[in-house]
Amino acid sequence: MTRQLTLSSTYKLNSGFEIPVLGFGVYQTPPSQTSAAVQEALKAGYRHIDSAAFYRNERASADGIIKSGVPREEVFFTTKVPAQSISYEGAKEALKKSLAEVAQLKYIDLVLLHAPFGGKEGRLGAWKALVEAVEEGTVRSIGVSNYGVQVCLLTTLGIFFSYIDVYGQHLDELEKYIKDTDSKLGKGKGGVLSVNQIELHPWLQRRDIIDWCQKRGVVVQAWAPLAQANRWNDPSLKDIVKRTGKTEAQILLRWSLQKGFNPLPKSVTPSRIVENTKIFDFELSDSELAVLETDEYDYHGWDPTTLD
């Protein structure tokens with residue numbers, strides 16, 4: 001039976017903290033509009049704001065949270081270490097800057113490594129910096145974004161020569177580091193992986209990554225959960241719109257929730273900000289979920305999950 005969710009429902013993170021099931025994204029929202037958009041979102045009932053250093057609107061997001069009048073402890077705020085800072089020293093410096101940008105908030109609920117750049121040494125060094133921030137009390141939970149699982153590709157050159165190319169092994173690499181560090185230094189010293197944020201919608205389902213995360217209790221966050229509105233004309237989606245009376249966006253967000261994901265829709269339009277919260281008064285049927293099962297690989301912008 002599907003868990004009955006409301007806008008105030010949360011998921012339990014591996015860190016022990018709670019994260020609201022629906023988030024509000026501010027990717028590509030200009031800093032000049034971000035504070036107002038965040039205030040509108042919090043007025044509509046959102047309690048989860050997803051920003052990043054790369055977005056250049058951390059300060060404006062924090063400003064919106066403070067000006068909303070919603071108590072700080074009721075708002076879950078996320079930011080991310082930028083891809084170019086994925087190393088121990090780079091992440092330390094990025095965290096210092098982010099904490100200064102959102103100083104009004106006192107602490108950050110969740111920090112993610114934005115992408116698996118920097119090679120193995122850089123990724124694990126950046127993770128170590130996040131673990132130290134948790135120990136210092138400036139950050140509560142940590143995770144990653146755009147991390148993939150190991151894929152082996154057999155490449156054949158001519159008749160006699162072939163080799164195995166292994167890529168996207170970021171999650172396995174991190175898990176091994178955490179286990180090894182815990183074994184050497186004590187439980188928890190390797191850090192606690194709480195989240196993996198990936199592009200996710202019916203036309204990019206990433207079942208291998210989802211399976212890895214869900215088996216370990218890692219919350220899967222969905223960026224671009226609306227496929228950037230590029231699939232509004234999909235016949236299966238249009239049919240569900242017609243039968244339910246719900247919008248394309250509402251159906252895709254409901255799909256994400258029923259899959260157990262943590263979707264992060266974005267908008268600066270007050271009516272759409274509110275519309276995207278109206279997803280708790282209906283459920284997609286098994287047959288409707290089935291028609292949204294695809295094997296397409298329709299990504300938007302980039303897919304770092306396959307990086308070495």
Side-chain angles (χ1 to χ4, degrees), residues 8-26 46-55 58 61-62 65 70-82 85-86 88 91-92 94-99 101-116 123-147 170-171 174-175 177-179 181-182 186-198 200 209-210 212-223 260-264:
S8 61
S9 295
T10 61
Y11 294 129
K12 185 74 169 287
L13 297 174
N14 283 336
S15 64
F17 290 97
E18 304 276 341
I19 186 170
V21 297
L22 182 68
F24 181 74
V26 293
Y46 292 87
R47 291 295 183 267
H48 174 187
I49 308 300
D50 181 83
S51 182
F54 176 71
Y55 305 165
E58 293 169 301
S61 295
I65 292 170
V70 177
R72 168 65 183 98
E73 62 272 16
E74 294 182 15
V75 182
F76 191 101
F77 177 73
T78 299
T79 192
K80 308 174 190 76
V81 174
S85 299
I86 304 299
Y88 178 72
K92 293 281 279 190
L95 280 166
K96 181 179 178 181
K97 290 179 179 178
S98 290
L99 286 163
E101 287 290 296
V102 301
Q104 300 175 83
L105 301 183
K106 307 299 183 184
Y107 60 89
I108 299 174
D109 294 277
L110 175 66
V111 176
L112 308 178
L113 301 181
H114 208 149
R123 289 190 291 267
L124 297 182
W127 179 258
K128 183 174 184 290
L130 296 194
V131 175
E132 291 176 357
V134 172
E135 292 174 342
E136 293 163 2
T138 54
V139 174
R140 290 189 166 179
S141 302
I142 55 178
V144 295
S145 181
N146 300 303
Y147 268 45
H170 322 119
L171 290 168
L174 180 56
E175 182 176 54
Y177 170 83
I178 292 172
K179 288 180 177 178
T181 304
D182 282 358
K187 182 67 174 176
K189 290 298 183 179
V192 177
L193 176 61
S194 288
V195 166
N196 185 20
Q197 185 180 124
I198 56 176
L200 197 55
I209 299 174
I210 293 163
W212 192 100
C213 292
Q214 292 185 337
K215 284 180 177 177
R216 295 159 175 81
V218 175
V219 169
V220 178
Q221 292 187 323
W223 67 262
F261 308 146
N262 185 203
L264 306 167

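Judged as a side chain to side chain donor-acceptor pair (under 3.5 Å), and not counting sequence neighbours, Ser61 has no contacts. Contacts of Phe261 classified as ring-ring contact (aromatic ring centres under 6.0 Å, His included), with partners at least two apart in sequence or in another chain: Trp255. Checked against side chain to side chain contact (heavy atoms under 4.5 Å, CB included), Ser9 has the following partners two or more places apart in sequence or in another chain: Arg3, Leu5, Thr6, Val21. With sequence neighbours left out, the ring-ring contact (aromatic ring centres under 6.0 Å, His included) criterion links Tyr88 to no other residue. Residues passing the salt bridge (charged side-chain N to carboxylate O under 4.0 Å, His left out) test with Glu18, sequence neighbours excluded: none. With sequence neighbours excluded, the residues that form a salt bridge (charged side-chain N to carboxylate O under 4.0 Å, His left out) with Lys215 are Asp211. Residues passing the salt bridge (charged side-chain N to carboxylate O under 4.0 Å, His left out) test with Glu135 are Lys189, sequence neighbours excluded. Residues passing the salt bridge (charged side-chain N to carboxylate O under 4.0 Å, His left out) test with Lys128 are Glu132, sequence neighbours excluded. With sequence neighbours excluded, the residues forming a side chain to side chain contact (heavy atoms under 4.5 Å, CB included) with Ser85 are Val81, Pro82, Ala94, listed by chain and number. For Asn146, the side chain to side chain donor-acceptor pair (under 3.5 Å) partners at least two apart in sequence or on another chain are Trp223. Checked against side chain to side chain contact (heavy atoms under 4.5 Å, CB included), Val134 has the following partners two or more places apart in sequence or in another chain: Val139, Ile142. Every residue meeting the side chain to side chain contact (heavy atoms under 4.5 Å, CB included) condition with Phe54, not counting sequence neighbours, appears here in chain and number order: Tyr27, His114.
Distance check: Lys80 NZ to Leu95 CG gives 13.5 Å after rounding to the nearest 0.5 Å. If you take CD on Glu101 and OG on Ser51, they are separated by 9.5 Å, rounding to the nearest 0.5 Å. Leu124 CG to Tyr177 OH: the interatomic distance, rounded to the nearest 0.5 Å, is 6.5 Å. With values rounded to the nearest 0.5 angstrom, Cys213 atom SG is found 4.5 Å from Asn196 atom CG.
Between Thr78 and Val195 the shortest side-chain heavy-atom distance does not fall below 4.5 Å.
A salt bridge is absent between Asp109 and Arg47: the closest approach of a Lys/Arg side-chain nitrogen to an acidic carboxylate oxygen does not fall below 4.0 angstrom.
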